[in-house]
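Here the structure is a predicted model, which is why all the values come from computation and not from measurement. Every chain is numbered from 1 and lettered A, B, ... according to where its sequence line falls, protein lines coming before strand lines.
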Protein chains: 2
Amino acid sequence: MTYDDFMSEPKRRDKAATRTALLDAARRRFTEHGFDGTGVRDIAADAGIDATLIFRYFGSKQALFEEAVHVAVPEGIGRRARAEPAALAEAMLREVVFAERAEPGGEHPLLVMLRSAGRPEVRARLREQVCGDYLADFAERLGGDDAELRAELVGALLIGIGVMRSVIDSPELSRVSFEQTRELVAAMVTALEG
Amino acid sequence: MTYDDFMSEPKRRDKAATRTALLDAARRRFTEHGFDGTGVRDIAADAGIDATLIFRYFGSKQALFEEAVHVAVPEGIGRRARAEPAALAEAMLREVVFAERAEPGGEHPLLVMLRSAGRPEVRARLREQVCGDYLADFAERLGGDDAELRAELVGALLIGIGVMRSVIDSPELSRVSFEQTRELVAAMVTALEG
DNA sequence: TAGCTTTGTCATCGATCGATGACTTACTTG
DNA sequence: CAAGTAAGTCATCGATCGATGACAAAGCTA
């Protein structure tokens with residue numbers, strides 16, 4: 001079969017494949033241009049799929065966004081984490097900031113949401129996930145008087161690193177290795193433990 | 001003169017006042033809803049001014065945005081700063097993150113821009129201002145091998161605190177005093193100096 | 001193969017967007 | 001007061017937005 005034959009053949013119909021193709025394209029678009037900067041027609045065109053199917057399979061652009069940026073907090077990081085503070089921070093740094101994600105888009109949903117922080121619902125979800133899921137038990141592992149505050153400061157550091165890398169694209173932090181970053185972050189976190 | 005008389009009187013015509021009224025309203029809207037989430041009609045309505053004047057006085061919505069988030073880096077913070085690293089970080093923390101800005105909107109332009117980080121031009125400006133203007137000489141003050149990297153880490157921490165307060169509205173960092181934050185930040189910055 | 005369900009396509013709607021140009025009114029200047 | 005300019009108003013354009021419903025075609029089942 002020639003290439004032209006292949007291209008002119010009617011496409012195979014596959015609901016699941018269409019859905020994930022839309023999700024992948026959506027993640028890429030939302031990552032680069034944010035929610036408001038992305039149109040349903042852009043997503044559909046990237047995926048080579050009719051835009052109408054977005055509404056049939058996801059209901060609305062908003063619902064597609066939520067499913068695209070949905071993330072399950074990994075075991076060992078969120079609530080009921082058992083590691084020491086410095087090790088916990090390292091795990092979060094690796095998972096959120098330095099994630100080499102297999103899925104297209106390549107960035108952690110938390111950072112994708114930051115690109116759409118103009119929308120109140122997105123900010124609300126960010127707060128839930130960051131303060132609730134990720135930093136929940138971090139304060140307990142830290143201990144001391146103002147543990148919650150110091151936990152949030154670690155969160156701020158990690159988010160800031162993510163912003164420097166993914167939004168600002170700073171010359172150093174964006175290019176340096178995980179190892180090198182890890183050591184410096186560990187020093188800063190340890191300074192909060194005492 | 002009664003209230004109704006006052007209200008029915010034709011408005012005084014004042015180009016400068018109209019311009020600043022539009023700028024103030026724009027800052028508020030852009031702060032809360034980002035660039036894409038804000039329409040020129042919203043801004044004009046808030047200011048009680050016809051939307052057409054935005055284009056006469058600023059040329060385009062984009063130009064209005066740029067003027068609204070424009071900021072002059074204060075002496076003693078950016079290039080040619082003379083203070084020690086910890087003191088420099090404190091100055092930036094006060095100026096960028098804890099700024100009680102007189103102008104409406106109440107937030108530093110860098111944080112406003114973060115709400116519109118979906119737009120590439122905004123990201124480019126962010127990089128210029130953060131890495132260029134603000135962190136430029138910070139590395140020199142730090143000294144040592146990977147000074148640039150450690151300077152960017154301080155920038156990441158400050159930006160992260162700003163995000164936690166202004167975007168995520170985290171329970172602790174958003175409500176705690178400048179003094180309390182300052183001490184913990186100083187500890188983290190000092191950990192990078194060694 | 002006949003009939004039904006699922007999947008994909010097409011035309012289009014109403015709202016909203018940024019932006020333009022013509023027009024009216026107020027203020028200044030001679 | 002008359003004329004000219006500056007400031008504000010109004011109608012509207014073309015593009016794009018999210019979303020809907022009718023329709024065509026593919027694939028499964030009997």
request  = Carefully, step by step, assess A:Ile54 and A:Lys61 under the rule side chain to side chain contact (heavy atoms under 4.5 Å, CB included).
outcome  = CA-CA 7 Å; A:Ile54 287 178; A:Lys61 177 189 173 186; 5.6 Å; no
inquiry  = Let's go through B:Arg19 and B:Leu22 carefully: what are the C-alpha distance in whole Å and the side-chain angles of both, what is the deciding distance for side chain to side chain contact (heavy atoms under 4.5 Å, CB included) to 0.1 Å, and is it a yes or a no?
reply    = CA-CA 5 Å; B:Arg19 251 189 75 100; B:Leu22 284 173; 5.9 Å; no
message = Applying a 4.0 Å non-hydrogen cut-off, can you work out what A:Phe58 is touching in the nucleic acid: base, sugar-phosphate, or nothing?
response = nothing
query = Through what angle, rounded to 10 degrees, does the axis of the helix from C:dT1-D:dA30 to C:dG30-D:dC1 turn between its ends, using five pairs per end?
reply = 0°
Which atom pairs link the protein and nucleotides 18-21 of chain C when you take only N or O atoms and keep those under 3.5 Å?
| residue | atom | partner | partner atom | Å |
| --- | --- | --- | --- | --- |
| C:dG18 | OP1 | B:Thr38 | O | 3.3 |
| C:dG18 | OP1 | B:Lys61 | NZ | 2.6 |
| C:dG18 | OP2 | B:Val40 | N | 3.1 |
| C:dG18 | N7 | B:Arg41 | NH1 | 2.9 |
| C:dG18 | N7 | B:Arg41 | NH2 | 3.4 |
| C:dG18 | O6 | B:Arg41 | NH2 | 2.9 |
| C:dA19 | OP2 | B:Lys61 | N | 2.9 |

query = Can you check the B:Lys15 NZ to C:dT28 P distance for me, whole Å?
reply = 15 Å
task = Kindly determine whether B:Arg125 and B:Glu128 satisfy salt bridge (charged side-chain N to carboxylate O under 4.0 Å, His left out), including the steps that lead there.
result = CA-CA 5 Å; B:Arg125 251 189 87 85; B:Glu128 289 172 22; 5.3 Å; no
ask   = Among all residues two or more places apart in sequence or in another chain, which pass the side-chain hydrogen bond (donor to acceptor under 3.5 Å, both in side chains) test with A:Glu66?
value = A:Gln62
request  = Kindly indicate, with the supporting measurements, whether the criterion side chain to side chain contact (heavy atoms under 4.5 Å, CB included) is fulfilled by A:Asp146 and A:Arg150.
outcome  = CA-CA 6 Å; A:Asp146 46 5; A:Arg150 282 179 286 126; 2.9 Å; yes
task = If the plane angle is over 60° it's perpendicular, under 30° parallel, otherwise tilted; pick one for B:Phe65 and B:Phe30.
result = perpendicular
ask   = For the pair made of CD1 in B:Ile49 and P in D:dC10, what is the distance, rounded to whole Å?
value = 14 Å
ask   = Do you know the tightest heavy-atom contact between B:Gln180 and B:Val176?
value = OE1-CG2, 3.1 Å
key: B:Tyr57, nearest nucleotide to its side chain (from C:dT7, D:dC17, D:dG8)   = D:dG8
Between D:dA6 (C1') and B:Arg19 (CZ): distance, integer Å = 16 Å
request  = Among the candidates D:dC17, C:dC17, C:dT9, find the nucleotide nearest to the side-chain atoms of A:Asp42.
outcome  = D:dC17
remark   = Which of C:dT9, C:dC17, C:dA26 is nearest the side chain of B:Arg13? It is C:dA26
note = In this structure, OG1 of B:Thr181 is separated from CZ of B:Arg165 (nearest 0.5 Å) by 6.5 Å
Distance, rounded to the nearest Å, where A:Ile54 contributes CD1 and C:dT9 contributes P = 13 Å
message = Without decimals, in angstroms, what is the distance between B:Leu53 CG and C:dA26 C1'?
response = 14 Å
request  = Take B:Leu157 and B:Ile161 through the test side chain to side chain contact (heavy atoms under 4.5 Å, CB included) and record every step on the way to the result.
outcome  = CA-CA 6 Å; B:Leu157 175 61; B:Ile161 296 176; 4.2 Å; yes
